[in-house]
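Below, chains carry the letters A, B, ... as their sequence lines are ordered, and counting in each starts from 1.
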Amino acid sequence: MDKFIENEIEKRLKRKMNELERHIFSAMWSEHCGYLHSKLQLKKLNSKGALFPAENSGGVKIGNTGVFFKVESHNHPCAVEPYQGAATGIGGIIRDILALNARPIALLNSLKFCEEQKHLIDGVTRGISDYGNSCGIANVGGEVIFDECYRDLPLVNVMAVGIAPLDKVKLSSAKENLEIVLLGSPTGIDGVGGAAFASKELKKDTKEEKIHVQIGDPFTKKKLIEATLEILNVEGAAACQDCGAAGILSSTSEMAYKGGCSIELDLDRVHLALKNMSAAQILLSETQERMVFAVEKRALDKVFEIAHKFELDISNIGKTFCGGGSRDYVIKKDGKILSKTPLDVICEPYCHDLEPVFGQVTHTDEIRENVDVKSALFKIVASPEFASKEWFYEQWDYAVGARTYMQPGFSGAAAVKIDEGFIGLCMDSKPRFVKLNPYSGAKSTFLESYRNLVSSGFEPMGFTNCLNFASPQNEETKYDFVRSIDGLRDISKAFCVPAVSGNVSFYNEKENRRIYPTVTIGMLGCCKKEENLIGALFKKDERVFLLGKKITLESNTGGSLYHSVLFDRLCSKPDEIDIQLELKLKDAILDMADKKIISGALDVSKGGILGALVSALLKSNTGFCGSLLPDKNLEDYQKLKLLFGETEGRYIVSCSDLVKTEAYLLKNNIPHSLLGKCVGDKIEFDGYSFNLDELRKEYKNSIKNALEQY
Amino acid sequence: MIILTYMNTYRIKVVISLKDDVKDVRALTIDKMLKNADIEQNANFKTGRFYSFCVSSKDNQSAREKAGRICLEVLSNPVVEKFEICSLELVQ
Amino acid sequence: MIILTYMNTYRIKVVISLKDDVKDVRALTIDKMLKNADIEQNANFKTGRFYSFCVSSKDNQSAREKAGRICLEVLSNPVVEKFEICSLELVQ
Amino acid sequence: MKAAVVVFLGTNCEVETKAALEKYSFECDYVNSNTKALLGYDCVFLCGGFSYGDYIRSGRLAKFTPVVGALEEYIEKQRGVTVGICNGFQILCEAHLLKGALLENDSSRFICKNVELKLDFKNVSKKISLPIAHREGKYVFSASDYKEVFAMSFLKYVDNPNGSYLDIAGLYDKNRRVMGLMPHPERAMFAKNFGFDGEEIFKIVKEEIKRG
Ligand SMILES: Nc1ncnc2c1ncn2[C@@H]1O[C@H](COP(=O)(O)OP(=O)(O)O)[C@@H](O)[C@H]1O
Ligand SMILES: [Mg+2]
């Protein structure tokens with residue numbers, strides 16, 4: 001523990017810490033639990049309209065249902081033990097949803113790897129598969145990004161979504177005179193010190209990090225989910241908190257602190273996996289598959305009965321009480337009081353303010369090298385970032401629960417059925433854009449999700465975020481972090497889409513190599529009617545329109561995928577965002593879906609216009625004939641920019657009634673251009689012709705080939 | 001110039017299991033089932049993976065080393081698992 | 001009337017693997033990988049599951065029988081798998 | 001008609017199985033693994049999931065529960081139709097109520113997707129499409145059972161995804177009172193993207209119950 005922090009704690013305690021308290025504070029005042037470097041910044045985010053943004057997970061209200069969602073990072077554990085790291089990441093995020101008495105109904109993930117690290121990719125994929133599938137929660141979407149900057153520093157961000165009737169939602173603050181009950185796996189020494197581990201850079205040799213690895217038990221988790229949902233509907237079950245980072249310590253202290261009372265725990269009553277565990281080990285253990293409840297005495301019997309029905313261990317480990325003037329955290333073991341500490345000192349750690357920061361964004365020049373369009377398209381289609389991700393999502397059960405109406409690969413967002421209609425879910429990040437300019441990059445990431453929802457027929461309602469950064473001690477990282485948050489705040493206000501929850505992961509660096517600042521967004525939207533759901537699919541004989549910005553040679557296309565795939569460069573200036581245009585496009589697309597004017601839609605993103613068109617045509621299995629370029633006498637580098645350049649504010653839609661569509665677009669003043677028609681089995685435009693099957697082979701198999709060939 | 005080294009083939013059998021301080025969640029479930037089904041009260045299970053494979057090496061010693069490397073780098077994750085070479089035999 | 005039988009505890013180690021006529025695809029994958037990575041040309045892998053567990057029994061002989069029953073009825077599927085008891089030891 | 005949907009600890013497809021049965025106008029109860037009373041039901045469904053975590057091997061630990069004992073009696077007496085879907089199929093095989101066994105897919109990975117199948121049951125013979133979602137779905141059997149299994153398979157993959165012998169995706173027992181299949185018909189009854197071919201399977205079950 002560093003000297004400054006130690007002094008700070010002892011000043012507030014007005015005494016020296018004992019040994020147990022040293023453990024308590026090193027966990028609770030860690031970056032992971034205490035949000036030391038991010039707390040003040042996170043306050044800037046806009047959560048107006050969110051449901052319980054300060055709880056384990058926030059959400060939005062749809063009819064009488066609370067829909068809760070949150071993302072969590074498990075980057076550090078996955079770097080060391082990809083299989084268990086990914087599994088327990090899912091386990092952790094499920095518990096955050098569960099704590100509100102919400103039934104988890106969907107999972108998503110956002111993964112970033114270095115393409116060569118097959119063992120990491122394989123381990124993470126299997127971890128998600130074995131754990132998520134066994135819990136019976138559909139894994140409906142996500143994204144995978146490959147970049148050299150994630151070598152040894154994979155990012156694994158997972159998101160869970162749950163639903164609860166509004167009047168049944170339980171919060172995490174425990175009032176006085178409640179019994180504290182711990183349900184689930186016996187506490188062992190697995191993962192002791194995990195919170196501290198996640199709060200520092202990875203060591204050179206990851207083998208040293210072993211003791212912090214937690215082990216997931218999906219079977220127990222499945223039982224825990226069912227038991228928790230039953231317990232929280234028992235009369236007298238007052239509050240619930242998941243037992244995650246810093247285990248019993250953080251869950252119980254936060255419950256009491258939020259409820260404004262004191263709490264006393266008797267560690268002798270905790271059910272243990274091993275004999276002779278020390279007080280610190282019991283308190284800090286991150287054994288998976290545990291939940292903490294605060295219940296009235298009269299409910300105890302019923303709660304124990306439920307635990308036994310599900311063959312889960314349970315113990316009554318303490319109680320809350322009114323401590324008179326002070327609110328204390330009291331730890332007893334072997335009949336002795338080992339520590340009595342004011343809760344506010346434990347739960348309100350010293351926070352660093354990252355501001356003011358100095359930094360600036362510089363943009364390098366545009367690319368003027370030529371690559372011919374034909375080979376460029378093949379390279380882009382085969383690049384793992386563009387190629388179909390079916391190798392990943394087919395390993396995850398996306399259909400269990402029979403709520404999935406649009407599955408991965410079908411559209412930019414998944415559609416999941418709830419009583420009130422459908423929720424749309426997606427997860428996105430644009431690390432290259434954030435690296436170029438954190439303020440506009442964060443906004444652009446938000447819009448990526450936003451457009452994914454809109455193009456699938458959903459009205460965006462709220463978002464969650466995961467901020468993956470290097471060490472907050474670096475000046476550059478500080479700047480990136482603060483400006484990313486500014487970007488998220490501004491865009492979320494402009495669109496009235498609140499931040500409902502989130503997570504921060506710092507220290508994603510190793511031996512002075514840092515990841516790109518990576519802002520992951522998970523967004524949720526709502527659609528009332530099944531027939532308004534739109535896939536990214538076109539039908540034969542339909543016309544295809546581009547809506548939104550036309551791309552011209554003057555447009556800014558910095559950060560585009562084709563720069564990195566063809567030239568291995570990250571350069572030039574990203575496009576400006578036009579909020580009015582985005583709103584107008586959203587209204588038009590949702591309205592046209594409702595009026596059945598359009599039948600297919602997708603947003604223009606990775607790979608630009610041609611990328612979007614090709615991916616839709618490959619999925620739809622139809623050819624295309626039309627024109628994408630304004631002028632045929634262009635140099636190749638100019639054509640690349642027009643065809644593959646990524647600007648904001650664009651969608652591609654398909655329709656069967658040309659006249660009606662044009663009339664609608666003109667009447668509502670929507671910028672648009674007719675690209676062509678779905679015909680034949682070739683993609684033909686401006687003198688180019690591509691065979692669908694040849695492209696499909698690259699698109700479908702390139703990831704499998706890259707990852708399964710040894 | 002051609003150097004001829006005579007290589008032998010050895011068959012190795014190994015067991016990979018979780019380190020002792022890592023919880024074996026499968027084993028705990030099996031224990032419980034056997035108890036419930038009244039087959040065994042304290043079975044105290046441990047689970048692991050078994051592999052048998054060949055390496056070609058010039059002698060016993062280097063075969064063992066090679067097998068160890070395969071266990072460490074290919075078959076197990078040393079962060080949570082340990083391996084044990086159960087047998088090593090010369091294949092005729 | 002109380003009959004006292006003194007019970008010993010034995011620890012048993014077993015390996016369960018696929019019968020020879022069932023293709024071990026996992027093994028084939030590892031073989032291929034080792035070959036492509038130029039680690040071993042003909043590794044000829046076989047895979048299996050390893051279990052170690054205790055039974056309480058009055059003697060070695062009956063412990064072995066009980067373990068055999070557990071292997072047959074609990075741990076393996078005799079349609080496709082075979083088992084082998086690798087060791088049986090009295091636990092003190 | 002009354003259906004029992006058996007819920008083991010770790011089962012996770014009970015909700016959609018019940019919903020599918022109800023859509024097909026069955027009266028439906030969940031029964032847990034301690035139930036011994038099955039004789040009141042016209043059919044018993046063992047549904048998908050990971051009973052007891054599928055620890056040891058899939059479907060294995062479930063066979064030690066009382067309900068599987070009761071199921072043996074139910075089948076012995078030929079009271080009604082038993083259907084095992086996915087994990088349910090694995091349980092039926094592990095309990096030797098159906099021939100054969102299910103091994104890890106040839107890819108050694110979980111596979112979730114819609115697949116084409118050929119359904120051949122009595123006078124029905126058609127191609128249908130159903131979702132699969134399993135990691136241990138490779139159906140195998142002993143050589144000595146070849147004839148019997150060949151005759152009893154009613155559902156085959158058009159493009160074998162997992163290495164199953166004879167492309168078998170589903171089969172019944174010698175009395176046609178026990179059916180097991182890896183694909184999930186209950187998932188293909190609600191959403192357009194998953195199709196509605198699941199009804200074909202429920203139709204067969206209903207007819208077999210009527211046959212008595
Ligand atoms: N980037 C963020 N944006 C919005 N809310 C955040 C962010 N990071 C953390 N939070 C919120 O802070 C609270 C504490 O989060 P956390 O400590 O991660 O919870 P847990 O330990 O249960 O995972 C939660 O309400 C969470 O949603
Ligand atoms: Mg929490």
Side-chain angles (χ1 to χ4, degrees), chain A residues 76-85 87-88 91 118-120 122-123 126-127 130-131 134 184-192 197 202-203 205-223 272-274 277 281 285-290 310-313 710, chain B residues 9 11-12 14-57 63-85:
Chain A
H76 284 62
C78 290
V80 180
E81 217 300 290
Y83 179 85
Q84 293 295 348
T88 54
K118 293 178 194 166
H119 70 288
L120 280 178
D122 191 65
R126 285 178 190 276
D130 285 356
Y131 197 96
S134 302
S185 293
T187 299
I189 54 168
D190 34 336
V192 173
F197 164 60
L202 284 174
K203 291 205 187 109
D205 184 359
T206 46
K207 283 170 200 154
E208 294 168 37
E209 311 276 14
K210 61 183 178 210
I211 45 167
H212 309 301
V213 175
Q214 309 139 7
I215 305 297
D217 180 357
F219 171 53
T220 301
K221 175 49 83 19
K222 171 70 177 154
K223 297 190 288 180
L272 300 176
L274 299 166
M277 284 176 68
Q281 285 173 328
S285 161
E286 294 183 5
T287 292
Q288 295 291 295
E289 334 306 357
R290 298 178 298 167
F310 286 100
E311 299 183 2
L312 288 170
D313 295 321
Y710 303 105
Chain B
T9 302
R11 182 162 277 281
I12 288 117
V14 298
V15 167
I16 295 181
S17 55
L18 291 169
K19 287 184 180 168
D20 294 330
D21 55 352
V22 178
K23 196 172 355 181
D24 187 341
V25 292
R26 294 167 170 265
L28 296 174
T29 300
I30 303 173
D31 283 348
K32 212 184 246 167
M33 269 326 270
L34 288 190
K35 192 168 169 180
N36 289 350
D38 215 8
I39 298 176
E40 185 59 54
Q41 296 308 305
N42 283 304
N44 207 338
F45 257 83
K46 293 192 180 17
T47 69
R49 301 196 303 280
F50 168 85
Y51 298 99
S52 142
F53 58 94
C54 297
V55 301
S56 62
S57 245
R64 186 173 289 273
E65 277 166 23
K66 191 164 179 187
R69 255 194 343 270
I70 290 179
C71 286
L72 210 59
E73 285 162 24
V74 182
L75 300 175
S76 76
N77 179 345
V79 177
V80 280
E81 292 173 326
K82 59 178 200 257
F83 69 90
E84 188 192 340
I85 296 185

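- Side-chain contact check for Val80(B) versus Ile215(A): some heavy-atom pair is nearer than 4.5 Å.
- Only the side chain of Asn36(B) has a heavy atom closer than 4.5 Å to any heavy atom of chain A.
- Heavy-atom minimum distance, Asn77(B) versus Pro82(A): ND2-CD, 4.3 Å.
- The CG atom of Asp217(A) lies 8.0 Å from the CG atom of Leu28(B); values are rounded to the nearest 0.5 Å.
- Heavy atoms of Tyr83(A) lying under 4.5 Å from chain B are absent altogether.
- Nearest approach of Lys23(B) to Pro186(A), heavy atoms of both residues: NZ-O, 3.1 Å.
- Separation of atoms CE (Met33(B)) and CD (Glu311(A)) is listed at 7.5 Å; rounding is to 0.5 Å.
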